[in-house]
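For the numbers below, each heavy atom of this structure counts, side chains included, while hydrogens, waters and symmetry mates do not. Throughout, a chain's letter reflects where its sequence line sits, starting with A, and its residues are numbered from 1.
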Amino acid sequence: MALLDIDALSVTLPGMARPILDRIELTVAAGETVALVGESGSGKSVTARAALGLFPAGADLAGRVRVEDIDLVGADAARLREVRTGIAAMIFQDPRAGISPVRRIGDFLTEALRLVGGWSRARADARAAELLAAVGLPDPERHLRQFPHEMSGGMLQRVMIAAALCGEPRLLLCDEPTTALDVATQAEILALLGRLRRERDLGLLLITHDIELAAASCDRIYVMYAGRIVETATADELFARPRHPYTAGLLGSSPPQEGPLTRLAPIPGAPMSLLESATGCAFAPRCRFAEPGRCDQAPPVLEPHGAGRVACHRADELEPPVLAHLAPDSEDR
Amino acid sequence: MTTDVTPHDGTPLIEVSGLRKTYRTGTGEVVAVEDLSFSLPVGGALGLVGESGSGKTTTARMLLGLERPDAGRIMVRGTPLAETVRGRAARLARAKAVQMVFQDPYLSLDGRLSIGATLDGVLRLHGVRDPAARSARIGELLAQVGLGPREAATRPRGLSGGQRQRAAIARALAVEPALLVLDEAVSALDVSVQAQVLNLLADIRRDTGIGLIFVSHDLAVVRYLCDEALVLHRGRTVEHRPVGDLLTAPADPYTRLLLASIPRPGWDPEHIARQRRELPAPAAAGGVVPSE
Amino acid sequence: MSAVTLDSAAAPPRRDPLRRLRRLGGSWLVNTCLVILAVFLVVALAAPWLAPQDPRFGALSETFADPGAAHWLGTDQGGHDTFSALIEGTRTSLFGPLAVVVFATVAGIAVGLFSAWRGGWVDAAIGRVLDILFAFPALLLAILAVALFGKGLTAPVLAMAVAYLPYTARLVRGLAAAEKSRPYIAAYRVQGHSPVFVSVRGLLPNITPTVLAQATVNFGYALLDLAALSFLGLGVQPPTPDWGSMINQGQSAVLQERPLSAIVPALAIVLVVVAFNVVGEHLADRVAGRDA
Amino acid sequence: MPAATRRSGGRGGRGPALALAALRRLAGMATTLLVTSFLVFSSLYLAPGDPVSFLVKGRSPSPQELDTIREQYGFNDPFPVRYWHWLEGVLQGDFGRSYLFHQGVGDVVWSRLPASLLLIGVSMLLIAVFGVGAGIVGALRRGTWADSTVLLMVTVGAAVPSFVAAILLRSVFGVQLGWFPTFGNGEGALDRLHHVVLPAIALSVTFTALVTRVTRTAMLDELRREHVEVALSRGIPRRSVIRRHVLRNALGPIVTVSALLVSGMLVSTALVETAFGMAGVGSLLVQAVSQQDFQVVQAIVLLVVAAFVLINALVDLLYPLIDPRVAAQGSAR
C-alpha cells in the first residue's frame, strides 16, 4: 500500500488563468525514492506541500491526498497535526530561510517534541542531540546551543533533516533540498538522505528542477509541466527512452559531461506562467511535434505507455528513436 | 557586427598575473583570490570554475574594475588595465575592453527603461550620435540575441528571465568589447531556457570572435562553451588546462571531486561524500570563507 | 503580481500626461484624498480672494456668533469669523510644512546619496552626524529656535527642516546602498558612465518614488509639528490666522461649550494629514508592488 | 535588518564579542552626549546680539545681577573654558539659576519631573498594550472588518495632534461628563493617577497608531517568511507559531521603531501638559520659552536629548537578545 497517494488532485486559485495543479496522480511507497521534476511554475512545490495538507490560501481543491489513509483535503487541524508530527515531514530548499534566525538550533529541533509531544526539556534535548549525530554533524551538544547564522548552509540543511526526523516520519518530502548548496555538498546531502531511507525504510519524494539529479538518485520519476504530470516512468527507462517531447527536451537541454559535443537542442520559448492558459495540450506551443487539430485538445491524463505512463496525443507515433534524435541544429526560437 | 579584433600578432587578449584580493572582516583578513595568473588568446574562451566562496565572482569583478586588486596586473591586448579610471576617454576605453553579464536577470537591467532605451543609452555614450544609426544598431543587436521590436519597447518586468538575459547580453555587446565576462549568467534560468542562452553564446562567440570568460559552478556547461577551464578553490588555482583534458583526466583531487559530484545515472553520492572528507585542506589562509 | 500589472507592463510606454495622472490615482479613497489636497492647495493659493471677511479683525459685539448667513461657521470669543480664519489659515498651515519638507528632502537626498556613494569613513562620519541630529526631535528644535530667535515662523521652519533632514538622508542612504549593490548599477559603471551619471541618472530615479512617498508622509508630520508650535503660542502669532493658533484661541471657547472655532481647524488638520498619509502610503505600496 | 547570510566571526566566542560591542556602543553614546551638550551650550551664541543681554532680555537687571551672570557664564574666559565650566556644573546637576523662579534650574526641573514621568509611564503602558495589541489583531485578521477598523484607527489616529485629542477629551470626559478632572496635577497617589488618565490618553493616540502600524507590518512580513511555513509543516499549532515565530521575530522592528518614537513623545508632553494645565517639565519648557528663561530651556532640551540617547543606547545594547545576528556587528541599525 502506498504511503502517499495523490488522486486526481486539482488546485485552483481565483484570478489565475489556469489551475495550479490539474488532476495530479502520484504515489510514493515505503522504501521508495520518487522524483518530481519540473521547471518554474510547473506546480511541483505545490504538490509536495499538498502532501502535508499545506494548500495555497483561498484555493479551490478537488481530488484526494491520502497519507497512510488519512485524506488531507478538508481534514481538520487535529488530523493534519497527526500527519505532520508523526507520518510525513518536509525538507525545504533554503535552510537559512526555513529556520528562524533568532532561536538556537536546539530550540528549533525540540520545538515540535516539546509543544506537541509534551516532552520534557532534558529528554527533548537528548533526542535532538541524537538526531544531529544521526545526520552526521560532528559536535551535537555544541550545535544545539548555536544560532543558525553560526553554521554553514550544508550544516543547516542537515539540521533541517534532523528536524524532519523528529517525529519518526515514514514519508520524507524534499523540496529542492540541494539547490541552494554547492555540488559537493549536494552529494553529501543526497548520500545522507539515501542512508536514512535505507535505515528507516522511508518513502522519499524528491522535488527538483534537475532531471539528471532525479535520474541519478531515484527509482521512479514524474515529470510535470504547467500543473500537469506529463510523464512517469522508472528512472532508467525515462533517461534512456523518454516518451514525452517535454521530457526529451529537458534531457537535451543540458550539455553532456563526456562524449562528443553536439549543439544543444533546447525547447523553444519559456515555461508557462500562471497567467497563461492553454485550451489544448499546455506544452503544444513549445512542442516541435505539435500538430494542429490533434494537439489543441487536452491530452489524456497519463495513459499507460510502454513501461511508464505519458500524457501526449502523439505518444504512439513518437517512439523513442524519434525523440532521441532531435534535430541537432533546430532553431532556438 | 564584428568586434574590434586585432590581428593575431601573438599578443594575448587578456593576461592576468599575480592577482590577489583580500577582505577585512571582524576577525581578520580573508583571502578571496590569491596569486591568480592566466592568459587568453584572441577569440579564446576560459571557464572559471568553483564553488561559492572560491573567489570566482571576485575575480570577475576585478576584471571589470568593480573591485580593486590588492596586487597583480591585468593586461588587455598588451595594455595594462588602469586601476583607477579618471576621465571620460579612459572610462570608455576600459568599457571597450571588458563587458559583463550578471547572474540575476531580474536585477541586472534598469527597471525604469525599456530594452530599446537601455541600448540607446549605451550607444549614445559610446559615440553613436546619429539617432537613425542608433536605432538601426539596436535592431541589429536585438536580432543578434534573438529579440525583436516588441521586446525593444518593453520594460524588463514585461519580459521572461531568458528574454532579460538576452537583453543583458545585447547591452554588453553594444559596447563592442574585446572580452565578455559572464558571471553565472545561465544558472538562474530554467533548464530549457538555459540551453537556449548557451546556444546563443556559442553563436556569438563563433560570429564575432569575442573572447569569453565564463564564470560557473557547472563543469559541463563550461565544457560546452569554453576551450580552457581554470578551477578555483578558496581563492587558489587548483588546475588550469584545456577543458577536454580537465574533464577526462583531472589531475587534482579537488577537480576530481567536483567532477564526481555531477549527478549521472549510476552515481554514488556516498562515495563522493567520502572523497570530500578525505580531501586535503587547501593551504589557503583564512578559513572563514567570504560569502559571494 | 496580478494580471493587471503585467498588462500595463506589456503596453508600450506612452507619454500621455492624462494617462500618467490617472496612473497616480488608485482606489476611491486615494482619489478622494488627492481631491482634498488639491482643494486645500487651491484655497491656500487663492485665500485672500476666497475669505468672505478679514479674519484679523473681530467685532466684540459678535462674540460667539452662531453659524449663519453672516458667519458660515460662526465666530470665536474675539468675534473673528471662523470660516475666513480657516481659509486664510491654510496659507501658514500648508506653506510652512511645504518649506520644511522641500528643504529636508532636497538636502536629505544630496546627503544620503553622497554618503552611500562614497561609502567608507565618509559614510560612517555622516552616519554619526545624522545619529546626533536624530536625538533632536523636530518640535524640540523648533522650540529651541523660538527661544533663541523669538516667536514667529521663520526660525522654527528652518530648525524643523534640519530636524527632518536625517529621516530623508538615512532613507536615501539605505535605499541607495541597497540599490548600489544591484547589478544594473554595476552595469552602468561597466559601460563607462561617470560616477555622477550613475548616481544621478541611474540610481536616483529608481529610488525617487520611495523618497517622494516618505516626503508626502513627512508633510503630514511637519504640519502637525508646526500646528503644535502655534498651539503653544510660539509659532504664528495672532492676529495672523493659523489653524494651530486658532485651536489655542479656541480652548477657552471649548470650555464654554462653544467649540466650533476650535473644532473646525482641528478637523482641517486631521483631514489634511490623513490625506497626506493615505497618498503617501499609496505611493509606497505602488513602489513595493513594482519591485515585487 | 542585516542580511541573513552575515556570519559572526568567532564561532562560540559570543561573550567577548558582545562585551566589545557593548563597550563600543557606550563610547559612541558618550560621544553623542558630549556633542549634543556642546551644541546645546553653544546654541546660546547663535542668538542675535550680545549673549548677556540675550540672557536678561525682557528684564531690567541691576548691575550686580549682570556681574553675576558674567561671572557664572565666565564671559571673560575663552569659549572652551566656558564650555568646560558649564559642563562641570551640568554633570553635578547645576544648570544655572532660573530668573523666573528665583531658584536653581536643576531644582525647578527636578520638582516638575515626577508629574511628567507619571504621564510618560502611563502613556507608554497604553501605547505598548493597545499599539502592539491592535497591530497583532490587524495582521492576524488581515483583510477582515477587524483589520479595516485597525487600519482606519491607524490612519486617523496618526493624524490627530495630541493637543486636539487633549482638548476633545477634556471637553467631553472632563467638562461635559465630569468623569475626570480637567486641570492640574492632583494631590496624593490616587488623585494624581486620576488626573493623569486623560492627558496620558491624549499623549498616546498618535504613538499608539504608529506602533500599531509598525507591529502590523512587521507581523505580516514575518508571516510570509519560510520559517513560519516550516514550523506549520512540522505540525506546530498555529497559535504557538504566531507567538514563538511571528511575534517573536517581529519584535526587532517594533522595538527599534518604538525607541525612535520616544523623543517625539517626550516633546509632546509639552502640548498635553499645557492643554491640561499640568505642572510638568513639558509645560515648564513652554513657560520658559514664552518668558525667555533660557537656562531652563537649555536644561530641558539637554534632558530630552539625553533621555533619547540613553534609551536608544539601551535598546542597542539589548538588541542582541532580540536578534543574535547583530551581536558581532555591535549595532542594530
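C:Ser115 and C:Arg170 are not linked by any side-chain donor-acceptor pair at a separation below 3.5 angstrom, with hydrogens and angles left out of the test.
With a threshold of 4.5 angstrom between heavy atoms, D:Val301 approaches chain C through its backbone and through its side chain. Using a 4.5 Å cut-off between heavy atoms, D:Leu285 contacts chain C through its side chain alone, with no backbone atom that close. Only the side chain of C:Leu234 comes within less than 4.5 Å of a heavy atom in chain D; its backbone stays farther off. For chain C, no part of D:Ala307 is nearby; none of its heavy atoms comes within less than 4.5 Å. In this structure, no portion of D:Ala306 lies under 4.5 Å from any heavy atom of chain C. When heavy atoms are compared at a cutoff of 4.5 Å, D:Val40 approaches chain C solely by way of its side chain, counted from C-beta outward. Contact annotation for D:Val305: both backbone and side-chain heavy atoms come within less than 4.5 Å of a heavy atom of chain C. In this structure, the portion of D:Leu210 lying under 4.5 Å from any heavy atom of chain C is its side chain and not its backbone. The contact between C:Ala227 and chain D is made by backbone and side chain atoms together, counting heavy-atom distances below 4.5 Å. At a 4.5 Å heavy-atom cutoff, the contact between C:Val274 and chain D is made by backbone and side-chain atoms alike.
C:Phe276 and C:Phe219 have parallel rings, their planes meeting at less than 30° on a 0 to 90° scale where 60° marks the start of perpendicular. Ring pair D:Phe173/D:Phe180 is perpendicular by interplanar angle, where above 60° counts as perpendicular and below 30° as parallel.
Considering only heavy-atom pairs separated by less than 4.5 Å from chain C, the leading option among D:Ser263, D:Ser171, D:Ser162 is D:Ser263. Contact tally against chain D (heavy-atom pairs below 4.5 Å) for C:Asp131, C:Leu141, C:Leu133, C:Leu224: the top residue is C:Leu224. Per-residue counts of heavy-atom pairs under 4.5 Å with chain C were compared for D:Ile167, D:Thr274, D:Val297; the largest is that of D:Ile167. Taking chain D as the reference chain and counting heavy-atom pairs below 4.5 Å, the highest number among C:Leu140, C:Asn248, C:Ile263, C:Val273 is found for C:Leu140. Heavy-atom pairs under 4.5 Å with chain D were tallied for C:Ile143, C:Ile269, C:Val146; the largest tally goes to C:Ile143. With chain C as the partner, the residue from D:Thr36, D:Leu39, D:Val160, D:Val156 showing the most heavy-atom pairs under 4.5 Å is D:Thr36.
In terms of modelled atom types and a separation under 3.5 Å, the side chain of D:Arg112 and the main chain of D:Gly280 share a donor-acceptor contact.
Across every non-hydrogen atom of D:Val105 and D:Ala299, the tightest pair is CG1-CB, 3.5 Å. Nearest heavy atoms, C:Ala177 versus C:Ala116: N-CB, 3.9 Å. Between D:Val309 and C:Ala135, the closest heavy-atom pair is CG2-CB, 3.8 Å.
With ring centers used as reference points, C:Trp243 lies under 6.0 Å from C:Phe40.
Under a 4.0 Å N-O distance rule, the pair D:Arg213/C:Glu281 qualifies as a salt bridge.
Applying the salt bridge (charged side-chain N to carboxylate O under 4.0 Å, His left out) rule to pairs touching residues 260-278 of chain D yields nothing, sequence neighbours excluded.
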